[in-house]
Amino acid sequence: MQVLLLTSAPTGFYHQNAFWVMTVSLSIVCFLIVMYILLRTKFNRERVYHRRIARSYERELEQLRADNRLKEDELHRQEQNLLRKQQDLDRVTMEIENYKSVLKEKEKMLEGLVNQNKSFMRLLHQTELEGSADDIIDAVRQSSEGKRVMEEDDWKRLMAAVDQRYPDFNDTLIRRMGRVDRQELRVCYLLRIGLNNPQIQNITNLPRTTVWRWAKKYEWITNSNEDGSTLPA
């Protein structure tokens, strides 16, 4: 009996120790497995997070590249517009220079016409009525090419010269038209010496429509014969 007790006691002790060793080992293995799972899950989450961050950065980078391309295109368009505007400015500058040249030439021509007109008007004032009616009429005809309003004495000289050159004109005018005002009468005398509508407007400074209307009204005057007689109505 004593022998059996001695031999069975260590066997139970060993079994109990083995149990605890296995329990601790399983616990450690389970702990390691759980830790591995946790660490793996955390790693996967961090990897997913970093991938999302990377994709976000990639999208932002692509957006920045797209914005940069748009800005480059806009800059190119602005450069093209600036180039076209510069070309337009150069063309306008050239046109202005050409216009200045033309204007200078016209000013010279106008100055020549003014000087010529002044000389004709001086001739008109200096010419005596007797024996020089044709000279007065010619002076008025030539002065009508410039912008010059005749004075009252000029009109008196002209009308006297026309009456001398065409003795029947005044009587014919009164007989056919009756009473006319002074402006209409002057236009009639200018028509009689052969001036056209723009020339009459230059001398009288009347509105264009008025000159054209009266010229149409007194159209029979332009059909007058050179000797002063008029064609039948």
Side-chain angles (χ1 to χ4, degrees), residues 7-118 144-149 195-216:
T7 54
S8 62
T11 303
F13 176 77
Y14 290 143
H15 287 170
Q16 186 177 6
N17 287 340
F19 172 78
W20 284 111
V21 169
M22 290 182 63
T23 302
V24 171
S25 298
L26 289 175
S27 298
I28 293 173
V29 171
C30 290
F31 175 77
L32 292 176
I33 292 173
V34 170
M35 290 300 297
Y36 172 78
I37 293 173
L38 292 175
L39 291 175
R40 183 67 179 178
T41 302
K42 182 179 180 181
F43 174 77
N44 290 334
R45 288 178 179 177
E46 289 182 353
R47 185 174 61 180
V48 171
Y49 172 76
H50 287 300
R51 284 181 179 178
R52 290 178 179 175
I53 295 295
R55 285 196 295 269
S56 177
Y57 286 156
E58 288 177 357
R59 287 194 297 269
E60 291 180 0
L61 181 60
E62 186 63 27
Q63 183 64 36
L64 290 175
R65 289 174 179 173
D67 293 340
N68 189 35
R69 286 194 295 270
L70 290 176
K71 290 180 179 179
E72 289 178 353
D73 294 339
E74 181 65 23
L75 180 61
H76 180 69
R77 286 194 297 270
Q78 291 180 358
E79 290 177 350
Q80 294 297 323
N81 292 333
L82 182 61
L83 180 60
R84 286 194 295 270
K85 290 181 179 179
Q86 183 64 40
Q87 292 174 351
D88 294 338
L89 180 61
D90 294 339
R91 184 174 62 256
V92 171
T93 302
M94 185 177 298
E95 291 177 355
I96 292 175
E97 294 297 329
N98 294 335
Y99 178 76
K100 287 181 179 179
S101 301
V102 174
L103 184 60
K104 288 181 180 179
E105 294 179 359
K106 290 185 177 180
E107 287 177 350
K108 291 181 180 178
M109 293 177 59
L110 181 60
E111 183 178 0
L113 289 174
V114 170
N115 294 332
Q116 183 182 15
N117 190 28
K118 289 180 179 179
S144 64
E145 297 298 331
K147 189 72 174 178
R148 174 60 183 266
V149 178
L195 299 189
N196 56 32
N197 294 353
Q199 292 172 327
I200 294 175
Q201 189 177 1
N202 286 341
I203 291 180
T204 61
N205 202 27
L206 290 171
R208 180 180 179 276
T209 55
T210 301
V211 173
W212 260 249
R213 178 166 51 85
W214 285 351
K216 185 66 176 177

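Note that these values count all heavy atoms, side chains included, but never hydrogens, waters or copies made by symmetry.
When only modelled atom types and interatomic distance are considered, N197 and Q201 share no side-chain donor-acceptor pair under 3.5 Å.
The backbone N or O of I37 sits less than 3.5 Å from a side-chain atom of T41, completing a donor-acceptor pair. Distance alone, capped at 3.5 Å, is enough to place a donor-acceptor pair between the N98 side chain and the M94 backbone. Side-chain atoms of Q199 come within 3.5 Å of backbone atoms of N196 as a donor-acceptor pair (strictly under, hydrogens ignored).
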>> Checking E74 against R77 for the salt bridge (Lys or Arg N to Asp or Glu O under 4.0 Å) test, could you report, in this order, the C-alpha distance in whole Å, the side-chain angles of both residues, the deciding distance, and whether it holds?
In response: CA-CA 5 Å; E74 181 65 23; R77 286 194 297 270; 2.4 Å; yes
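Using a 4.5 Å cut-off on side-chain heavy atoms (C-beta onward), R59 and Q63 make no contact. Annotation: side chain of Y57 is in contact with side chain of I53 (closest heavy-atom distance under 4.5 Å). At a threshold of 4.5 Å between non-hydrogen side-chain atoms, the residues L61 and R65 count as touching. L83 has its side chain out of reach of E79: every pair of non-hydrogen atoms, C-beta onward, lies at least 4.5 Å apart. Using a 4.5 Å cut-off on side-chain heavy atoms (C-beta onward), L206 and W214 make contact.
Here the CD atom belonging to Q78 is positioned 11.5 Å from the CG atom belonging to D73, to the nearest 0.5 angstrom. With rounding to the nearest 0.5 angstrom, the OG1 atom of T210 is 12.0 Å from the CD1 atom of I200. Here the straight-line distance linking atom NZ of K100 with atom CG of L103 works out to 10.0 Å at 0.5 Å rounding. Annotation: the span from L75 atom CG to L70 atom CG amounts to 12.5 Å, rounded to 0.5 Å. Atoms CG and CG, on N44 and L39 in that order, are 11.0 Å from each other to the nearest 0.5 Å. To the nearest 0.5 Å, the span separating CD on E62 from CD on E60 amounts to 12.0 Å.
For E72 and R69, the salt-bridge test fails: no basic side-chain N is under 4.0 Å from an acidic carboxylate O. Between K85 and D88, no side-chain nitrogen of the basic residue sits less than 4.0 Å from a carboxylate oxygen of the acidic one, so the salt-bridge criterion is not met.
Few gaps surround CZ on R47; more than 12 heavy atoms of other groups in view lie less than 6.0 Å from it.
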